[in-house]
There are 2 protein chains.
Amino acid sequence: MGKKYSILLVEDDASLGYLLTEYLRMKDFDIIWEKEPAKVIDLIQNNRFDLAILDVMMVRVDGFTLAANISKEYPSLPFIFLTARSLKVDVLKGFSLGALDYLKKPIDEEELVVRILSLLDRLKRSSGHIDENSIFNIGMYRLNSSTQELFFESKVVHLTSRESELLKYLASHPNELCEHKGILETLWGNNDYFNRKSLNVFVTHLRKYLAQDPTIKIENVHGRGFILKTNLGEK
Amino acid sequence: MGKKYSILLVEDDASLGYLLTEYLRMKDFDIIWEKEPAKVIDLIQNNRFDLAILDVMMVRVDGFTLAANISKEYPSLPFIFLTARSLKVDVLKGFSLGALDYLKKPIDEEELVVRILSLLDRLKRSSGHIDENSIFNIGMYRLNSSTQELFFESKVVHLTSRESELLKYLASHPNELCEHKGILETLWGNNDYFNRKSLNVFVTHLRKYLAQDPTIKIENVHGRGFILKTNLGEK
DNA sequence: AAAAAGGATTAATGAAAAGTTAATTAGATG
DNA sequence: CATCTAATTAACTTTTCATTAATCCTTTTT
């Protein structure tokens, strides 16, 4: 399955540190807990982290200074703050340093986890990889792109992989123009005359499958691409 | 001079809505405040937003349901929740619906702004293609230059690429002289006798499309270029 | 006022794009 | 190797749209 996310927790408070470490580990993160801010840069140098969680109020060094150092050396490492200080000026400072979130104590572990996952999933997605979501509602149809099945009322049609990929692509951007280029590069890896011809064939296939719901339609924009329109005729 | 971010605020509480609208507008966001959840989908259809801010507890519809509807039709529109309910289960639900953040009342406006900016700046960076401003209001018409659609009342006209590009160019400089040279070089890449003839043909097309609103008009300035005049007849 | 240049409008043309159906190729499976 | 399946290619039709042409109208210049 998906690889574990790897997280660096910098927290000099023993009980909170222990609690979070255990909880996050239970939630299937790879987590390293460092109590000593001075050792952090070294740690980052020798490991690959997806995210750093920094306490703002630590005894030896404050989290802001630490964050500044980290992002100077490793600007691509995302980080969030954890803090008892919920002074407004601190929140603003946290974000101005480039933090992706700023959580106030008392920390709710579950909330921490969903915030972390929301952040990391989004980062992963934006860094080029396709989203894993496999169920798409398309008008009265439903596509399961991992089984390549298209449901309508009680019937099921098994799509071929190309058909399914194309429909998934369109359904991921409903009511938006999907340019030829984007489609071809995503599905075929390149954009040449013949693949373009292929694309037309698959659009025809999909239109045939989707013909039973008049509120949706694959439209062509001459010379540009296709749009999957939903909600046609709604007021 | 980066482009303004465009934000949809859905909030049925008049005083909070007013406060946030004014504050965000002051902070240089383009903001549309909608009190009526039922009208939201329509608004999204007719505008381009960078972000939606949804109140969770509204009288008619709850924000979660609204969010679910929005992200079904427009999954690429990012949204965050704003709420008095800080029940843990709600926070979790909010994120599970795909929210990018979940802010608890009382809202600190400054914090709201830095969180919004943090989100949007990151989205912009990651999405590669910053959705060029593609919606233009032209009198009673509305152009979506990305899908090449021109809306008037409930009707839609599909423009050709040239028509759409030209109207976009004119609408980007309303009430200003657009010189032949500029138009031709932008749309055709060069400025010769035949392209100029072509330009005239497209101006005629656009005039025909835009004929139903007497408050706008494409005027010619002899020997120089064209002007898209808006607000004609207003005092 | 006549001539010349610019502009508006409509229609004809031709090339490219899209749509469709069918044939072919390639890859898998047994 | 025979069979099946799915992607690609081919062949052909239809549609779309930018360009060009033709004609008439308007503005500017002389």
Side-chain angles (χ1 to χ4, degrees), chain A residues 143 145 147-150 156-170 177-211 216-229, chain B residues 143 145 147-150 156-170 177-211 216-229:
Chain A
L143 168 70
S145 68
T147 60
Q148 302 183 181
E149 289 168 321
L150 183 64
V156 173
V157 178
H158 290 265
L159 302 185
T160 70
S161 2
R162 284 268 126 106
E163 288 163 357
S164 166
E165 287 163 23
L166 177 57
L167 186 52
K168 177 183 175 182
Y169 188 101
L170 295 170
L177 175 65
C178 299
E179 304 203 30
H180 294 129
K181 191 165 171 295
I183 301 174
L184 291 168
E185 282 174 2
T186 306
L187 268 69
W188 277 267
N190 75 349
N191 168 356
D192 66 22
Y193 175 81
F194 289 106
N195 292 337
R196 190 114 142 191
K197 290 282 171 201
S198 254
L199 173 56
N200 285 336
V201 174
F202 289 108
V203 168
T204 299
H205 292 173
L206 291 182
R207 281 181 177 143
K208 208 176 289 179
Y209 295 136
L210 298 175
I216 59 170
K217 184 158 88 178
I218 300 177
E219 284 185 0
N220 172 258
V221 179
H222 196 91
R224 313 268 320 271
F226 295 93
I227 306 176
L228 173 64
K229 292 240 170 171
Chain B
L143 168 70
S145 68
T147 60
Q148 302 183 178
E149 291 166 321
L150 183 64
V156 175
V157 178
H158 290 263
L159 303 185
T160 71
S161 308
R162 284 267 129 102
E163 288 164 358
S164 168
E165 287 163 22
L166 176 57
L167 186 52
K168 177 182 175 181
Y169 189 100
L170 295 170
L177 174 64
C178 299
E179 304 210 28
H180 294 128
K181 190 166 175 293
I183 300 174
L184 290 166
E185 282 175 0
T186 306
L187 269 69
W188 276 265
N190 74 350
N191 168 357
D192 66 22
Y193 174 81
F194 288 106
N195 292 337
R196 188 173 290 214
K197 288 286 170 199
S198 252
L199 172 55
N200 285 334
V201 173
F202 289 109
V203 168
T204 299
H205 291 174
L206 291 183
R207 281 181 177 142
K208 203 179 291 180
Y209 296 137
L210 298 175
I216 59 170
K217 188 156 89 177
I218 300 176
E219 285 185 359
N220 172 259
V221 177
H222 198 91
R224 311 277 315 278
F226 296 93
I227 305 178
L228 173 63
K229 292 234 172 164

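Being a predicted model, the structure only gives us computed values, none of them experimental. Below, read A as the first sequence line, B as the second, and so on, with proteins coming before strands; counting in each chain starts at 1.
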Grab the [atom1]-[atom2] distance between [X] and [N] for me, whole Å please.
X       : N       : atom1 : atom2 : result
R207(A) : dT21(C) : CZ    : C1'   : 15 Å
R162(B) : dA16(C) : CZ    : P     : 14 Å
K217(B) : dA8(C)  : NZ    : P     : 12 Å
N220(A) : dA17(C) : CG    : C1'   : 8 Å
E219(B) : dG7(C)  : CD    : P     : 14 Å

Of the candidate nucleotides dT21(C), dT10(C), dA18(C), which contains the atom at the shortest distance from the side chain of K208(B)?
dT10(C)
How long is the straight-line distance from CD of E163(A) back to OG1 of T204(A), given to the nearest 0.5 Å?
11.0 Å
Atom OG in S145(B), atom CG in L150(B): separation rounded to 0.5 Å?
11.5 Å
Strand-adjacent residues in residues 178-194 of chain B, judged by heavy atoms under 4.0 Å from DNA chain C
H180(B)
Considering all heavy atoms of both residues, which atom of H158(A) and which atom of V156(A) are nearest to each other, and what is their separation?
NE2-CG1, 4.0 Å
Pairs flagged by salt bridge (charged side-chain N to carboxylate O under 4.0 Å, His left out) wherever residues 180-189 of chain A is involved - sequence neighbours left out
K181(A)-E185(A)
Which residues in residues 196-205 of chain A have a heavy atom closer than 4.0 Å to any atom of DNA chain D?
S198(A), V201(A), F202(A)
Partner set under salt bridge (charged side-chain N to carboxylate O under 4.0 Å, His left out) for K208(B), not counting sequence neighbours
none
Quick one: salt bridge (charged side-chain N to carboxylate O under 4.0 Å, His left out) partners of E149(B), sequence neighbours excluded?
K229(A)
Taking the side chain as every heavy atom from C-beta outward, state whether [X] and [Y] have any pair of such atoms under 4.5 Å apart.
X       : Y       : answer
Y209(B) : L159(B) : yes
K168(B) : L143(B) : yes
L167(A) : L210(A) : yes

Qualifying residues under side chain to side chain donor-acceptor pair (under 3.5 Å), relative to R207(B), sequence neighbours excluded
none
Outermost contacting nts on DNA chain D, any atom under 4.0 Å from chain A heavy atoms, listed 5' then 3', are dA6(D) to dC17(D)
Write down the protein N/O and nucleotide N/O pairs, taken from nucleotides 2-4 of chain C, whose separation is under 3.5 Å; answer none if there are no such pairs.
none

Set of residues satisfying side-chain contact (heavy atoms from CB on, under 4.5 Å) with respect to E165(B), sequence neighbours excluded
S161(B), R162(B), L187(B)
For the helix from dA1(C)-dT30(D) to dG30(C)-dC1(D), measure the angle between the helix axis at one end and the axis at the other, each built from five pairs, rounding to 10°.
30°
Exercise answer: donor-acceptor pairs, residues 193-203 of chain A side-chain atoms, under 3.5 Å, sequence neighbours excluded:
from    : atom 1 : to      : atom 2 : distance (Å)
N195(A) : ND2    : N190(A) : O      : 3.3
N195(A) : ND2    : N190(A) : OD1    : 2.7
N195(A) : ND2    : D192(A) : OD1    : 3.4

At under 4.0 Å between heavy atoms, which parts of nucleotides 24-30 of chain C does protein reach? Answer with one letter per nucleotide, 5' to 3': B base, S sugar-phosphate only, - none.
-------
I would like to know whether E179(A) and F226(A) meet side-chain contact (heavy atoms from CB on, under 4.5 Å); could you show each step before the answer?
CA-CA 6 Å; E179(A) 304 203 30; F226(A) 295 93; over 6 Å; no
Sort out for me which residue in L170(B), L228(B), I227(B), I218(B) forms a side-chain contact (heavy atoms from CB on, under 4.5 Å) with C178(B).
L170(B)
